[in-house]
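Scroll down for the structure; my scribbles are underneath it.
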Amino acid sequence: EGEPGRAEARPGEPDAPKILVPQLAQDEKTPALSPDEARALRRLSQPGLLRYRSCARDPQSELTYIVTDVVGMRLSSRLANRKLREEDIVALTKRLALALAAAHGAGVIHRGLCPHAIALPQGRLSDATITDFNLIKSAHTGQSAAFDDAMVDHDFCAPEQSSKSGEGAVIGPWTDVYSLALVILSALGGKQSDAQRKANPDLLLLPAKLRPVFERMLEPKPSRRLQSMDDVIKQIDGAPGSRQSLLNRVQSVSLPRFRRTNARGAPAVARAVEPAPPPPTKPAPTVAPAASAPLPPLPSSLRPAPSVP
């Protein structure tokens, strides 16, 4: 992986440095977290995540920076340029959910998901990439209500991220689930502003099969919300009419067993069948023995002489 304080940008490849503001860079919590963020995200190989290359500190300015791939166009700049088809909505939601699931598995919660945090390489929606992960927000959350409120985008953050949610609010994968739903709704356009969308999201913009899924993603109470991106993906795949749902139904269908019926349609009763007797054999006709022909009389010379009394 390389050393945390050493830059590893490759010559000839475009990159983008992410510089921390001096106020945060000088905080004792920040220097340890920046390398951790870079290392956690560099371990991941997921098409929907921006590639993090290295984290380093400039020896002269003492500014900490993280080197990533070039971001380019953002989703926020393309919202009004294109109307999404149903298959585009499903594909975009699943791509971002899969990317966030990988990040959550590495222990990284985004906390600031919004249209500006979604990059579109070469303007392609199919290559949407999540950017701007920042564990520094996690380290400094709780310093003060004003600081916490300044670190989140209130139009896209989950209710538990607001200082008004009270003490004990827990941030987790479910927090990004809420924000992801708002990001997708913003990509669909509509007449609502970001603030109106969060207060009363218009789910009619979604395909009918996705509306129940987004209702659960936008539950204000975290305990009633879908808890992970894996849950989101399972719900989308299980939605009526989805390709995965149809495939599962086909695989679960068993062919009916056909039964023989009689002329009236009632099931035929199985009976033991006795073997057929062999065909009768006709006795061979009896042939009567031929009558023997009478012997011819002996000649007189061979006749015995008559006896003398």
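Only a predicted model underlies this, so the values are computations on that prediction, with no experimental measurement involved. Values below: every heavy atom of this structure, side chains too, minus hydrogens, waters and symmetry copies.
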Spatial distance of atom CD1 (Ile184) from atom CD1 (Ile89) [nearest 0.5 Å] | 8.5 Å
Might you work through the side chain to side chain contact (heavy atoms under 4.5 Å, CB included) test for Leu113 and Asp132, ending with a clear yes or no?
-> CA-CA 8 Å; Leu113 201 63; Asp132 298 339; over 6 Å; no
Gln46 (side chain) donor-acceptor with Gly48 (main chain) under 3.5 angstrom = yes
Test item: Ser179 side-chain N/O and Phe156 main-chain N/O as donor-acceptor pair under 3.5 Å | yes
Considering only Ile, Leu, Val, Met, Phe, Trp and Tyr, and joining two whenever side-chain heavy atoms are under 4.5 Å apart, list the other residues clustered with Leu98.
-> Ile233
Expected output: side-chain Thr175 to main-chain Gly172 donor-acceptor under 3.5 Å | yes
Under the side chain to side chain contact (heavy atoms under 4.5 Å, CB included) criterion, do His110 and Leu100 qualify, and how do the steps go?
-> CA-CA 8 Å; His110 194 287; Leu100 287 167; 4.3 Å; yes
Start with the C-alpha gap between Arg225 and Glu160, add the side-chain angles, then the distance that decides, and say whether side chain to side chain contact (heavy atoms under 4.5 Å, CB included) holds.
-> CA-CA 12 Å; Arg225 196 181 306 155; Glu160 61 268 22; 2.9 Å; yes
Spatial distance of atom CD1 (Ile118) from atom CZ (Arg95) [nearest 0.5 Å] = 10.5 Å
Look up atom CG in Leu205 and atom CD in Gln192, then write down how far apart they are to the nearest 0.5 Å.
-> 7.0 Å
Rounding to 0.5 Å, atoms CZ (Arg216) and CG (Leu226) come to a distance of 4.5 Å
Any Lys209 side-chain heavy atom under 4.5 Å of Val90 side chain | yes
For Lys191 and Asp202, run salt bridge (charged side-chain N to carboxylate O under 4.0 Å, His left out): C-alpha distance rounded to whole Å, both residues' side-chain angles, the deciding distance at 0.1 Å, then the answer.
-> CA-CA 9 Å; Lys191 299 180 180 181; Asp202 183 8; over 6 Å; no
Is there side-chain contact between Val170 and Pro222, with heavy atoms separated by less than 4.5 Å?
-> no
Do Lys94 and Asp237 have side chains that get closer than 4.5 Å, going by heavy atoms?
-> yes
Out of curiosity, Lys198 NZ to Tyr178 OH, how far, rounded to the nearest 0.5 Å?
-> 5.5 Å
Which heavy atom in Arg74 sits nearest to a heavy atom in Ala117, and how many Å separate them?
-> NH1-CA, 4.0 Å
Scanning both residues in full, the closest heavy-atom pair of Ala102 with Leu49 reads CB-CD1, 4.4 Å
Spell out, as yes or no, whether a donor-acceptor pair under 3.5 Å connects the side chain of Gln161 to the backbone of Ala158.
-> yes
Give the minimum heavy-atom separation between Pro173 and Ser228, together with the two atoms involved.
-> CB-CA, 4.4 Å
Could you tell me which non-hydrogen atom of Leu185 sits nearest to which non-hydrogen atom of Pro201, and how far apart they are?
-> CD1-CB, 3.8 Å
CG (Asp155) and CG (Leu182) are apart, to the nearest 0.5 Å, by 9.0 Å
Under a 4.0 Å N-O cut-off, is there an ion pair linking Asp176 with Arg111?
-> no
Output yes when a side-chain donor or acceptor of Thr131 lies under 3.5 Å from a complementary backbone atom of Ala119, and no otherwise.
-> no
May I ask you to test the Phe214-Thr93 pair for a side-chain heavy-atom distance under 4.5 Å?
-> yes
Report the C-alpha separation of Arg85 and Glu87 in whole Å, then their side-chain angles, then the decisive distance to 0.1 Å, and conclude whether the salt bridge (charged side-chain N to carboxylate O under 4.0 Å, His left out) test is met.
-> CA-CA 6 Å; Arg85 300 172 298 175; Glu87 53 267 33; 3.5 Å; yes
Exercise: identify the closest heavy-atom pair between Ala97 and Val232 = CB-CG1, 4.5 Å
Closest non-hydrogen atom pair, Ala128 against Leu96 | CB-CD2, 4.1 Å
Taking only residues two or more places apart in sequence or in another chain, which ones pass salt bridge (charged side-chain N to carboxylate O under 4.0 Å, His left out) with Asp194?
-> Arg197
Which is it for Met229 and Leu180 under the side chain to side chain contact (heavy atoms under 4.5 Å, CB included) test, yes or no, and what are the steps along the way?
-> CA-CA 10 Å; Met229 293 298 166; Leu180 175 60; 3.8 Å; yes
